[in-house]
Amino acid sequence: MKIAIMGAMPEEIEPLLSYMKDIKSFEVANNRYYEAKYKGLEVVIAYSKIGKVFASLTASVMIQHFKAQKLLFSGVAGAINDELKIGDLIAATKLCQHDLDITAFGHPYGFVPEGKVFIQSDAELLFLAKEVAKEKNILLKEGVIATGDQFIANLERKEWIKKTFGADALEMEGAAVAVVCDAFDVPFFILRAISDAADMDAGFDFDKFLESSSKISADFIISMLDKMV
Ligand code: 4EZ
């Protein structure tokens, strides 16, 4: 069983690498991939760079080139739901692309022909995550994650995403990874710790909490690996 773990930024995967043994590094399609061992599990780890296009490329390489059979994403997100505070964990139940718009042709936001507005996360990985949260007494929220190629620091846009998709959190890679994994039939799990509230202060908060929230997310992913071995 080979498991892919990806983030978008170096800060999101660095805390993961510190747990790994026998790390070997490879370059594929202009990006660095780390194959490693964690308690007998084979893993491949990489950060994609920010945004849906880079995320799709990395997820595809992890599946097609490195033969990953499951994919876990670890990173940070902006909160939409007021119940999500900085440092809180949210696991995506389903994901959508908030910036995908061919509504001029009568289609709903987030939809293109032969696609779907929402991609569902793998039920088994979600179940495993809930078990981990229960055992370790960690608060893990579940909800809809909206993805787009925009850093949202704007209350109006945030409210629009909330009302259009019923989203609880937003970021810039999750739905892209979901589309790729869904197409390859690879079970995936998208975990994010909140770094900001996608509001006026989002830029400042993001910089302030990127490191600490990335670590919260990465530590939870490690606990999931502990349960998979
Ligand atoms: C994208 N990631 C942010 C990357 C920002 C700046 C150099 C997560 C994220 C996010 N995305 C945290 N807060 C966000 C927000 N308010 N809007 C979009 O996945 C890179």
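Note that ligands are numbered from 1 as they come in the structure, with each ligand's atoms numbered from 1 the same way. Along the sequence shown, residues carry numbers from 1. All figures in this text were calculated on a predicted structure; none of them were measured in a lab.
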Is it true that [X] and [Y] make a salt bridge, defined as a side-chain N closer than 4.0 Å to a carboxylate O?
X	Y	result
K158	D199	no
E173	R192	yes
K215	E11	no
E35	K24	no
K208	D196	no
D168	K141	no
E135	K130	no

request  = Would you mind telling me if ligand 1 is within reach of the side chain of R192, the backbone, both or neither, using heavy atoms under 4.0 Å?
outcome  = side chain
key: Residues that Y33 engages under ring pair (Phe, Tyr, Trp, His ring centres under 6.0 Å), provided they are two or more places apart   =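 For Y33, the residues satisfying ring pair (Phe, Tyr, Trp, His ring centres under 6.0 Å) (neighbours in sequence not counted) are F66.
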Can you report which non-hydrogen protein atom sits closest to [atom], along with the distance?
atom	value
atom 19 (O) of ligand 1	E173 OE1, 2.4 Å
atom 17 (N) of ligand 1	I152 N, 2.9 Å
atom 18 (C) of ligand 1	Q150 O, 3.4 Å
atom 13 (N) of ligand 1	D196 OD2, 2.6 Å
atom 5 (C) of ligand 1	F206 CZ, 3.6 Å
atom 14 (C) of ligand 1	F151 CE1, 3.4 Å

request  = Compute the minimum heavy-atom distance from A153 to ligand 1 and say whether it is under 4.0 Å.
outcome  =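 Per 4.0 Å heavy-atom rule, A153 does not contact ligand 1.
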request  = Report yes or no: does a heavy atom of A8 sit under 4.0 Å from some atom of ligand 1?
outcome  = no
message = Taking the ring centre of each residue, are F206 and F151 less than 6.0 Å apart?
response = yes
Pull out every atom of ligand 1 sitting under 4.0 Å from any heavy atom of [X], numbered as shown with elements.
X	value
I50	20 (C)
A77	9 (C), 12 (C), 13 (N)
G78	12 (C), 13 (N), 14 (C)
S195	12 (C), 13 (N)
A198	16 (N)

Do [X] and ligand 1 have an N or O pair less than 3.5 Å apart?
X	result
V76	no
E12	no
E171	no
M9	no

query = How would you list, by chain and number, every residue that makes a salt bridge (Lys or Arg N to Asp or Glu O under 4.0 Å) with D99, sequence neighbours excluded?
reply =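 In terms of salt bridge (Lys or Arg N to Asp or Glu O under 4.0 Å), with neighbours along the sequence ignored, D99 is linked to K52.
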ask   = Do the non-hydrogen side-chain atoms of F111 and F118 ever get within less than 4.5 Å of each other?
value =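 Result no, sub-4.5 Å side-chain heavy-atom pair not found.
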